[in-house]
Amino acid sequence: MSLRLRLLLLLLGLPLGVGIAYGTYDIYAGRQEARQALVTRIADVTTTLAPAFTLALDEARDEHLRQLAQRLLDIDEVDAVSIRDDDGEAVLSLGETQHAPDRPMPAQGTLQENAQRWRWLQPLGTVNTDQDASDEVTAYWLDVDLGTTALTLAFYRQLAGHGMAGLVLGLLLFLVVYPLSRRLTRPLQHQIDLLERLNGGDYSARLAPRGAHELATMGHQLNALGDHMMRLREDTQAQIDQTTFDLRESMETIEVKNIELDMAHRRALEANRIKSQFLANISHEIRTPLNGIIGFCKLLGRSALDSRQREWLEQVQTASDNLLSLISDVLDFSKIEAGKLELETVPVDMVTLVDEVLGLQAPNAQRKSLHLLSLVYDDVPDQLLGDPLRIKQVLTNLVNNAVKFTERGEIVVRVMLDDLSATSTKLRISVRDTGIGLDLASRERLFQAFSQGDASRSRKYGGTGLGLMISKRLVEQMGGEIDVESESGEGTTFTFSLTLIATQQRERLPELNLGGYRIGLFEAHSASRRAFTHLLERWDARVVSLPSRDACTTPPPEIDLLVLGLTQDDLRPRELTAWREVLDQCACPGLLLVNADPFELPDLTLPYGGEITTKPVSRRGLGNAINALLTSEREPASAVVEAPSSTLAGKVLVVDDTPSNRLLVKELLQDRGLTPLLAGSGEEALAMAHGESIALVLMDIQMPGMNGVDTMKALRALGGDWQRRPIVALTAHALEEERQQLLRDGMSDCLIKPIREAALDTLLERHLGETVETVEPAASDTRPTALPSPSPDEAATQEAQGDTAGDELPVVDMQLGMRMAGGREALAHDMLTLLFEHLDESEQAIHAAWVAQDAEAFHEQVHRLNGACRYCGVPQLALLAETLETRFKAQGLEACEGLYTSLQTAITRLREWQAQHWQTEH
């Protein structure tokens, strides 16, 4: 709100507000005065006439009563007059009276106000209504109805008068205030205009001071401000000119320096390239003779040597191993510094990975009698994608350091689930030892290149100081962090996190089901005892803890297997004799887990059979050993230790629009004891999903109508178990980015066409939780695997040579067809028959799409033909179909004309071969 408007409102509003307040009070007071005057007048008149009314009632002079009432009615404000008894009934009424008043009647004169009419009730006293009975009297009241019209008219007249006076007053005030406000605010507006011009850069603008003293003073100050800003602009312009001149000279100098730096940078890059090339070349040159040295050392170690010669040989072996480790670290360091270290994305099984790392470090740990223990928690998924080689490299480095700097105690590797989302899994992996530990200064420089915690340790324990730095960079490149917690003399714990791709959100399934077998466990190492107890109970075994060796001599008779964890102290002659006595008294098989070198395993006899192995033992190895020992104790019908299964484990839904593909997958699944359910489209698969209990789905991706991804999403939308049911993509394109996209879309896994039986077995074992045994086909004693799909480089070569290479291949190769069919001659003939049956339809559909230049239909039909040829012995047509689809995806429909002609020629040749050979044989 502007100052001028506020001033107008103040000068106008204040007097008008006072006038309105006064007029309101005057109107209210006048109305109250008129009301009171009316009430007083009526009260006086009725009080005066009341005795006369009472006398007339007592004497029953009706005419006199009427005259008295008429006198009241002649008053202007009186509209009606009535006389009422104590029941409210009117005995006399003049005018239009109101309804009877409310009971009880008032004892004195009372005014009752309504909206339009008022009522005055005046008691008249009691009258003897029966001359014979002197005690029977009746009370009467005078009821006078008063009209308020006169009062209302007077009120409106007064209101109109005051309103007119207020209007005149407001007009007069406006005529006085408006010119006054303009006079007061005009200098302020001039000052505002001056400030706007100054703000716009017009520093020459000035103001003629006028008005009141304060306004004139402000005008002088604004003019002074304009002079000051004018001087500042001149000074600033001068400084800008000088700075521009200096900057121009500096830029010329910087340009010269940049040229020099660029030349130096190029020389540095070239020197770095030469250094990297030199490191790679010299490393390979060193590795070649070094591998020879190591190999000959191993050969020499098998020959007859005296103790001194063997000691020298061990020193040579140790030095060679250290040198080889140094070369590997330098190569990795060079790759990391150059940014050329690439990570893979392949399946990762953390249990197997940790067991392999501990197995490699076992010899060094066994020489020190260290306990190596792997603890992979149950909630860590078994279906993860990452770079197992680099994870193993980091873990190997940490475990190797732990073994190196630990003289006694234990080394525990833990793998825990830190976070689980729809597409990724975050793991936390720790390596804890009971070694010499680290102080604060050592921890601060621990992850620096060519640095160790203590210089003296490098001389004592060896090492390059690159391992931890490489591990840190690898962990960071895999999206994680690494940290260390340690105190000098109290051991060390390295912890690092990893973010891996989750292909399926489910807990790891137990490796086997022991079905309630009772297993006696003796393990002196407390951490290993707890780990073995948890693992055996997870395998559904009943564990009987044996606290001492004496308890092992008389174990409960119902124990099915005795598991003993022995240390190197137990291999002393006296202890070994005691253990022989224990085993002689044992009435069940025994499994001895010895924390010693394999060459130091004791020669113990197990009367009821068993096995002696070294620690650390892998989870798979432990399960296989226990399974073999337990199953050998029972009859074949009851001795089978089955992996966990469910009623769904036998049915696999195969969704593929190509009949030959469905036929081959059906045969492969039936050979593995599974029940295949075949669907030729996504719609058919959805219909079968409602009526069948399915354990696994093998889903083709490119299908007409609903493609594989849409069908997968529709199956997931069914809810229930379908949210977790494994759905595996069958695709002929093995590019990593396509595979990753399928996993992001929700597929549980990918199986590449043509299907390799080893890959199929691995997939079935991973998703069904069991090892599927293959039933050999009757037609052959061997089972050759299907040919793998071409790599991207091979595909590019096929595309470049596809126009000519097809002519050099045979039209039909039945031996190739049998290899594709896994050695099944009948299946190979059936698949070739299916190809012949659909060949005309495929050719017509491809030709129609080519004539119409319908790229989507052309790609779909070529893809179907390519899929149908993958499992048949038609190498010429298969190569051309594969090359044509690859070129279409890379260059579009316009680049396919030459290959399309070659494809038509190959189809013609296949028909000619069919006419010459197939009709004769069939």
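We use all heavy atoms of the structure for the numbers below, so side chains are in, but hydrogens, waters and symmetry mates are not. If you're wondering where the values come from, they're calculated on a predicted model, not measured in any experiment.
Distance alone, capped at 3.5 Å, is enough to place a donor-acceptor pair between the E523 side chain and the H525 backbone. N627 places no side-chain N or O within 3.5 Å of a backbone atom of L512 that could act as its donor or acceptor partner. In this structure, the side chain of N364 does not engage the main chain of Q361 through any donor-acceptor pair within 3.5 Å. At least one donor-acceptor pair closer than 3.5 Å links the side chain of Q366 to the backbone N or O of K615. Panel note: side chain D433, backbone A402; no donor-acceptor pair is recorded below 3.5 Å. Formation of a donor-acceptor pair under 3.5 Å by the T434 side chain with backbone atoms of E410 is found in this model. For the pair R428 (side chain) and S497 (backbone), a donor-acceptor distance under 3.5 Å is absent. Judged by distance alone, with hydrogens and angles left aside, the side-chain atoms of D355 form a donor-acceptor pair with the main-chain N or O of R619 at under 3.5 Å. Of the possible donor and acceptor atoms, one in the side chain of N624 sits under 3.5 Å from a partner among the backbone N and O of R620.
Distance check, rounded to the nearest 0.5 Å: CD of E575 to OG1 of T567 gives 8.5 Å. Remark: F494 CZ to I482 CD1 distance equals 6.5 Å, nearest 0.5 Å. To the nearest 0.5 Å, the span separating NZ on K392 from CG on L360 amounts to 7.0 Å. Taking CG of L592 as the reference point, atom CG of L562 lies at 8.0 Å (rounded to 0.5 Å). Interatomic distance, T425 OG1 to D419 CG, rounded to the nearest 0.5 Å: 8.5 Å. Residue M478 holds its CE atom at 11.0 Å from CG of L427, rounded to the nearest 0.5 Å.
Between I429 and M350, some side-chain heavy-atom pair lies under the 4.5 Å cut-off. Using a 4.5 Å heavy-atom cutoff, the side chains of T762 and L764 are not in contact. Between W579 and L564, some side-chain heavy-atom pair lies under the 4.5 Å cut-off. In this structure, L768 and L696 have side chains that are in contact, with non-hydrogen atoms separated by less than 4.5 Å. Residues F532 and I519 form no side-chain contact, since every pair of their non-hydrogen atoms from C-beta on lies 4.5 Å or further apart. For the pair S748/H767, a side-chain contact is recorded, criterion being any heavy-atom separation below 4.5 Å from C-beta on. When side chains are defined from C-beta on, L571 counts as touching V594, because their heavy atoms get closer than 4.5 Å. A 4.5 Å side-chain heavy-atom check between L372 and V413 finds every atom pair outside the cut-off.
Across every non-hydrogen atom of L358 and V399, the tightest pair is CD2-CG1, 4.1 Å. The minimum heavy-atom distance linking I559 with L561 is given by the pair CG2-O, 3.2 Å. Smallest separation of non-hydrogen atoms from R542 and G516: NE-O, 3.1 Å. Between S545 and R529, the shortest heavy-atom distance links the atoms OG-CD, 4.3 Å. Considering every non-hydrogen atom in both V354 and S374, the closest pair reads CG1-OG, 3.2 Å. Between D570 and G565 the shortest heavy-atom distance is OD2-O, 4.5 Å.
With 3.5 Å as the limit, one finds no donor-acceptor pair spanning the side chains of T495 and S430. Side-chain contact, H534 with D378: a donor N or O sits under 3.5 Å from an acceptor N or O. Between the side chains of T493 and E485, no donor-acceptor pair of N or O atoms lies under 3.5 Å.
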| Can V351 and D382 be said to form a side-chain contact (heavy atoms from CB on, under 4.5 Å), step by step? | CA-CA 8 Å; V351 170; D382 58 348; over 6 Å; no
| task | Kindly determine whether L373 and H371 satisfy side-chain contact (heavy atoms from CB on, under 4.5 Å), including the steps that lead there. | result | CA-CA 6 Å; L373 185 59; H371 292 276; 5.9 Å; no
| task | Report the C-alpha distance between N397 and I470 in whole Å, list the side-chain angles of each, state the deciding distance to 0.1 Å, and finish with yes or no for side-chain contact (heavy atoms from CB on, under 4.5 Å). | result | CA-CA 9 Å; N397 186 279; I470 293 173; over 6 Å; no
| field | Derivation and outcome, side-chain contact (heavy atoms from CB on, under 4.5 Å), residues L398 and F496 | value | CA-CA 10 Å; L398 297 180; F496 65 96; 3.6 Å; yes
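Residues satisfying the side-chain hydrogen bond (donor to acceptor under 3.5 Å, both in side chains) criterion with T499, sequence neighbours excluded, are absent altogether.
Salt-bridge check for R672 with E765: failed, with every basic side-chain N at 4.0 Å or more from each acidic carboxylate O. With salt bridges taken as basic N to acidic carboxylate O contacts below 4.0 Å, one links E407 and K368.
Residue E481 qualifies as open at atom CD: its count of foreign heavy atoms under 6.0 Å is 12 or below.
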